[in-house]
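Reviewing the structure listed below.
Every chain is numbered from 1 and lettered A, B, ... according to where its sequence line falls, protein lines coming before strand lines.
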Amino acid sequence: MSRAAAAASSEIGAFVERRDWFDRPSVTVARDLLGMWLVHDRAQGRIAGRIVEVEAYQGPEDLAAHSARGRTARNEVMFGRPGHLYVYLIYGLHHCANVVCGPGDKPEAVLLRAAAIGPGVELARMARGDVAPTRLAAGPGNLGAAFGIDRRLNGADLVAGPVRLAAGPRPSRIARTPRVGVAYAGRWARRPLRFVIPDDPHRSRP
DNA sequence: CTTATGATTAGA
DNA sequence: CTAATCATAAGA
């Protein structure tokens, strides 16, 4: 990779500053999130990575969405204003990070499933241990671990930070597949609501 | 109170 | 293929 290309790929664009950017259906936000930067500013430094894989979870009618089983203490944030982080613990050990979307009061969200870590690689490695760079944030549990996102950040404002989103290079192509791990959701399990950059080495699976 | 299970992962 | 591991939600 040339010096110019390397510089370009590590360039973080403008942060999302308008809440209404998030106030859209999860499918729309999900597509837009691919290629964008996820940035976490911490005392130790900044961890940033480009999002390469996401899943859309639609409102109450989507049987795979947490919000389909009513409002509870856990999914409270999904029912709140768009532009916040919904973080929950899964299988007793993995933290999954979601972007709360709209439109309006509709409790939709986008699960962040994989990212290519750019600036802050060493910090991410410290948090994750010694793993291959392409696997650092591949899979929702790994992404949470790599970015240092846990339940303390549940409800965090994505406009205010410390976790924010910024413009990045748009992918030339976007692939759609069914979502992972939601076989119980009947028809909704088969819907193509997973969005991924085809053949990206940082994605969690084909 | 008890109990089943999950938007997962690593390892055999 | 399965164990790990616990917050959550649902049921008694």
May I ask you to check whether Y88(A) and H95(A) place their ring centers less than 6.0 Å from one another?
no

Is the phosphate of dA7(C), meaning OP1 or OP2, less than 4.0 Å from a side-chain N or O of R74(A)?
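R74(A) to dA7(C) OP1/OP2: no side-chain N or O under 4.0 Å.
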
Report yes if at least one side-chain N or O of R194(A) is closer than 4.0 Å to OP1 or OP2 of dA7(B); otherwise report no.
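For dA7(B), neither OP1 nor OP2 has a side-chain N or O of R194(A) closer than 4.0 Å.
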
Scan R179(A) against the nucleic acid and name what it touches under 4.0 Å (heavy atoms): base, sugar-phosphate only, or nothing.
nothing

What nucleic acid atoms does L111(A) come within less than 4.0 Å of, heavy atoms only: base, sugar-phosphate, or nothing?
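Contact class for L111(A): base.
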
May I ask you to check if R19(A) and W21(A) form a cation-pi contact, with NZ or CZ under 6.0 angstrom from the six-membered ring centre and within 45° of the axis?
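So R19(A) doesn't make the cation-pi contact.
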
dT8(B) - base-pair partner by Watson-Crick or wobble geometry, distances under 3.5 Å:
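Answer to the pairing question: dA4(C), which forms a Watson-Crick or G-U pair with dT8(B).
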
Side-chain donor-acceptor pair under 3.5 Å between S204(A) and E53(A), yes or no?
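On atom types as modelled, these side chains qualify, holding a pair under 3.5 Å.
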
Does a side chain donor of either N142(A) or R128(A) reach within less than 3.5 Å of an acceptor in the other side chain?
yes

Backbone of P192(A) reached by a side-chain donor or acceptor of R176(A) within 3.5 Å:
yes

I need the [atom1]-[atom2] distance between [X] and [N], as an integer number of Å.
| X | N | atom1 | atom2 | value |
| --- | --- | --- | --- | --- |
| H66(A) | dT5(B) | NE2 | C1' | 11 Å |
| L93(A) | dT8(C) | CG | C1' | 15 Å |
| R69(A) | dG6(B) | CZ | P | 9 Å |
| N98(A) | dA7(B) | CG | P | 11 Å |
| H95(A) | dT8(C) | NE2 | P | 11 Å |
| R113(A) | dA7(B) | CZ | C1' | 7 Å |
| Y91(A) | dC6(C) | OH | C1' | 13 Å |
| Y57(A) | dG6(B) | OH | P | 13 Å |

Heavy-atom nearest nucleotide on DNA chain C taken for H94(A) and for N75(A); more 5' hit belongs to H94(A)

Examine the base of dA7(B) for any acceptor or donor lying under 3.5 Å from a partner atom in the side chain of Y88(A), and report the outcome as yes or no.
yes

By nearest nucleotide on DNA chain B, pick out whichever of Y184(A) and R128(A) is the more 5' one.
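On the 5' side of the pair lies Y184(A).
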
